[in-house]
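A short write-up of the structure that comes next.
Along the sequence shown, residues carry numbers from 1. These numbers come from the heavy atoms of this one structure, side chains and all, not from hydrogens, waters or symmetry mates.
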Amino acid sequence: MQYLVIAYDNEGALEKRLAVRDAHVEGAKKLMAEGKIIQAGALIEEEKMVGSTLFVDFEDDDEINEWLSNEPYVQNGVWNMEEFQIVPVKLLPKD
């Protein structure tokens, strides 16, 4: 099932974000190659990075939860999990 993920950063998380960004990007690229992450990018407000947005395709909640339990931005307190949003979507096919 496809989902839109909206993840705002915790207040003052920029240093944490930058410290674990390489691990986050490495994991995201792996999931993109597997077709689990369809597209991803940073949320920008007033020219500052304030979070992340992703379109993902996971089988079920267990698979999403497994991803989140291993996601560096979750493990290191970058994303504000109290405001974390996962919204089911149906994306337009590329073909």
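In the hydrophobic cluster analysis, where Ile, Leu, Val, Met, Phe, Trp and Tyr join through side-chain heavy atoms closer than 4.5 angstrom, Val56 is grouped together with Val74. Cluster membership for Trp79 and Leu31, using ILVMFWY side-chain heavy atoms within less than 4.5 angstrom, is shared. Residues Ile86 and Met32 share a single hydrophobic cluster, defined by chaining ILVMFWY side chains whose heavy atoms lie under 4.5 Å apart. Leu68 and Phe55 fall into different hydrophobic clusters, where Ile, Leu, Val, Met, Phe, Trp and Tyr residues are linked whenever their side-chain heavy atoms come under 4.5 Å apart, directly or through other members.
For Glu45, the side chain to side chain contact (heavy atoms under 4.5 Å, CB included) partners at least two apart in sequence or on another chain are Tyr8, Val50. Applying the side chain to side chain contact (heavy atoms under 4.5 Å, CB included) rule to Pro88 yields the partners Met1, Tyr3; only residues at least two apart in sequence or on another chain are considered. For Ala40, the side chain to side chain contact (heavy atoms under 4.5 Å, CB included) partners two or more places apart in sequence, or in a different chain, are Ile37, Leu54. Legend: residues meeting side chain to side chain contact (heavy atoms under 4.5 Å, CB included) with Leu92, ordered by chain and number and at least two apart, are absent.
Side chain of Asn80 to backbone of Glu82: a donor-acceptor contact under 3.5 angstrom is found.
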Less than 3.5 Å apart, which donor and acceptor atoms pair up between the side chains of residues 17-27 and the rest of the protein, not counting sequence neighbours?
from  : atom 1 : to    : atom 2 : distance (Å)
Arg17 : NE     : Asp9  : OD2    : 2.8
Arg17 : NH2    : Asp9  : OD1    : 3.1
Arg17 : NH2    : Asp9  : OD2    : 3.4
Arg17 : NH2    : Gly51 : O      : 3.0
Arg17 : NH2    : Ser52 : OG     : 3.0
His24 : ND1    : Glu71 : OE1    : 3.4
His24 : ND1    : Glu71 : OE2    : 2.7

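Closest heavy-atom contact between Ile38 and Gln2: CD1-NE2, 3.9 Å.
The shortest side-chain heavy-atom distance between Val5 and Phe84 falls under the 4.5 Å cut-off.
Within the structure, every pair that satisfies the side chain to side chain donor-acceptor pair (under 3.5 Å) test and touches residues 57-69, not counting sequence neighbours, is listed here: Lys36-Glu63.
Here CE of Met49 is found 6.5 Å from CG of Leu14. Values are rounded to the nearest 0.5 Å. With rounding to the nearest 0.5 Å, the separation of CG in Asn10 from CE in Met81 is 9.5 Å.
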